[in-house]
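Following: one structure in structure tokens, then a few remarks.
Quick note: numbers below take in every heavy atom, side chains included, and nothing from hydrogens, waters or symmetry partners. Letters go in sequence order (proteins before strands), and every chain restarts at 1.
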Amino acid sequence: MEKLIQDLNEKQREAVLFNEGPSLIIAGAGSGKTRVLTYKIAVLLKTGVLPWTVMALTFTNKAAREMKERVGQLVDPHAASRLWMGTFHSVFLRILRSEAEHIGFPVHFTIYDTADSKNLIKSLVKELGLDDKVYKSSKVLGRISAAKNDLITPDAYANHPDYQINDTRSRMSRIKDLYALYWRRCREANAMDFDDILLYTNLLFRDHPEVLLRYQEHFSHILVDEYQDTNFSQYLIVKRLAERHHRVCVVGDDSQSIYSFRGANIDNILNFKKHYPESRLFKLEQNYRSTQNIVNLANSLIAKNRGQIPKQVFSKNELGNRIQVMTAYSDLEEGNMVAARIGEMRLSTHESFNDFAILYRTNAQSRIFEESLRKRNLPYRIYGGLSFYQRKEIKDVISYLRFLLNPNDVEAFRRIINNPPRGIGDTTQQKVLTAMRDHQVGVHQILESPETYELPINSGTRKKLADFQELIESLRRQSTEDNVYELTKVLLSKTGLMKAEADQTDLEAQSRRDNLMELLTGMYNFCNDRLEQGIESVFIADYLSEVSLLTDQDEEKSNEGERVTLMTIHASKGLEFKHVFIVGLEEDIFPSGHSLDSDKAIEEERRLLYVAITRAESTCTISYAKSRFRNGQTNYSSPSRFLNDLDTRLLDVPQQIPTASRTVRANPVRTEPTYSPKRNLTRLHSSSKPSDAPSTSTVSHGSNDLRIGQSILHERFGKGQILGFDGSEGSSTMTVEFEHSGSKRLLLKFAKFTLLD
DNA sequence: AATCCACTTGTTTTT
DNA sequence: CAAGTGGATT
């Protein structure tokens, strides 16, 4: 115990040792937050607190896993494994399953993921005869989600003037009906969405005091990580659970609250003292990660925000370099400058590529850096994009499993009923769904006896439905005997899912097959892990309840050599790199165009930049471009307002704009003013008339004349020869025969190519 | 049911 | 431009 805490500085130690009442630990960036949490848990366990009475809530599964690991190393792995440690969702899902009867759900209710929710909403919009251009599923789901995070049920929603006014103002006054219907359909399908997990936990605790009491007494200590990103629903769960013993410790940094767009409420952390008046406040202000210059730069930025918990983050590390600001003419040049810089730094320092990260505001910015790195043969890894479990082929398999376990899971049913194609089209599906609603029964009842519900179908269709039903039944029988791994192998062959992929030869089908194999491998490992814990049979339920809350973020590593990291700033939270490049510091990108009309949103963008800067240990480089190709056209961009927030004494801004090698597009927006500025102007205003009528043998393009038979080099398709021209006014095209990609028609005003002769 | 074409859209993302 | 969608076509 003594030995344990001597690894900590004084502030950390105080925070770790106080466990008698509520406490808020403000952990500045790089101040050893995770360390404090793990040591706190370790100390609790060492002082005899039973591990299963400690609840530790994190934001990602990965964070939970890592923390468990570290606690295990500090004390005893077995004890660590018995902690209630996990995300809000996984911990309370576990509780909800064991209390399912109290909220009127069967034990094996389904978790609808965002795609399921959106699909359901799409069909509801249609059902109510609403315009899907107005009632976009993502918008509607967003509203419903926000309501749920504020614990507003459909009834309350319809009666709440704020929501009604808001919906009316945005011309979506029927959201209340959609919400009510969505709620009902989820219940009928025995399904919960992500927000429901928290909402029903609150309802459970609200309506069943005896249950709440049981958990209040069970959990002696509650710890919450990343408290600045909790929402109201989460706040209230913690509040209720801690009501008896008051031993709640939350850790966070209000300067790093960046998830308000999905309901996080920074006020939870700002008002902690109000919520828990007897609470103690600890501040971890020494940053161990970054140089003084980086910390001070971040401080100068965040000082521009209002309403923060006062703190003085400082570093005793070396002063370090000043922060370099790079100005590029274009987005392409920005890519080249960053790639070149990484190449140089790597050569002079011999550091690993793993030490470099390029952080951007939006995923769309990644492409250019990808290309510039590839051009220089610098290895990189991009994070983000579709998660493994959201890929179509994977979701299909999971949907089968879901339907086997929960025969009322309508969204899973809709996914699998005609996949692979078995001749049960939209019409039949609609009939089944209608009958289901008319008779108030589950999907499976209709399938079991279509006659009973007078399905208006012919004998052919009836046969197809019966075959499907039989397939499901046989798999369902098997699912009670075999473990998921064995079951899924059978499932893949019996359903024909594997065959459907095997029949195709293209690259994408190959990758789908690989993914399916990877899924099987994952299941195999899952079963094996359980076996090692002495659990012999691993059924669908065990697997699904784990997987339904898993995301790519949790997978990590795949240590295939060292690589430069490319990711969004959001994804970089909690990570650190020796050298960080923050790119695209331009108005309308960073801050994002969607935040320009609100001070609160701008402040969140500023916090986002704060997070980005504080990822850096040794050097931090900021860049922006003066023009950028976006949404099909090139636009001028102006430097981000945040550049003015930064302490200029810490910045290294080059006097003259550097002239690194520049890639020129076929339709350059800005070239050296030495040649033909007139052309650039006409291009820019894109009102230039195509000087030739269709089907001529030459066409002017920029300053160049294109002619039939000419060789070009296209950015993507490579070398090719022009076969002819077509189209007119603003949409002239040319047909090009490429050496490797066959013949293509390219829109002249967009095509990126250079002339070869 | 599959393919093609016209058309829209274009944050951040965990669970 | 690129990805995704919805409708029409075959």
What integer number of Å spans the [atom1] atoms of [N] and [M]?
N	M	atom1	answer
B/dT13	C/dG4	P	16 Å
C/dT5	B/dT12	P	15 Å
B/dT14	C/dA3	C1'	23 Å

Q | Close aromatic pair by centroid cut-off 6.0 Å: A/Y200 and A/F105 | A | yes
Verify whether the ring centers belonging to A/Y235 and A/F232 lie closer than 6.0 Å.
yes
* Just wondering, are more than 12 heavy atoms of other shown residues or ligands nearer than 6.0 Å to CG in A/D599? -> no
By salt bridge (Lys or Arg N to Asp or Glu O under 4.0 Å), A/K136 pairs with (sequence neighbours left out) none
N or O in side chain of A/N61 less than 4.0 angstrom from B/dT14 OP1/OP2:
no
Tell me the interatomic distance from [X], atom [atom1], to [N], atom [atom2], rounded to whole angstroms.
X	N	atom1	atom2	answer
A/N419	B/dA2	CG	C1'	14 Å
A/D113	B/dT13	CG	P	17 Å
A/N418	B/dA2	CG	C1'	12 Å
A/Q365	C/dA2	CD	P	17 Å
A/D331	C/dC1	CG	C1'	12 Å
A/R422	B/dA2	CZ	C1'	17 Å
A/N149	B/dT14	CG	P	16 Å
A/D116	B/dT15	CG	C1'	13 Å

Assigned chi class of B/dT11 under the 90° convention is syn
Ranking C/dC1, B/dT13, B/dT15 by distance to the side chain of A/R262, first place goes to B/dT13
On DNA chain B, more 5' by nearest nucleotide between A/P421 and A/H89 is A/P421
Which of A/R628, A/R630, A/R361, A/R641 passes salt bridge (Lys or Arg N to Asp or Glu O under 4.0 Å) with A/D588? It is A/R630
Per-nt protein contacts along nucleotides 5-12 of chain B (heavy atom under 4.0 Å; B base, S backbone sugar-phosphate only, - none) come out as ----SBBB
task = Would you mind classifying the nucleic acid contact of A/G425 as base, sugar-phosphate or nothing, using non-hydrogen atoms under 4.0 angstrom?
result = sugar-phosphate
So ring pair (Phe, Tyr, Trp, His ring centres under 6.0 Å) across residues 591-614 of chain A, not counting sequence neighbours, yields none
Would you mind checking if A/K33 and A/D253 are paired as a salt bridge, meaning a charged N to carboxylate O distance below 4.0 Å?
no
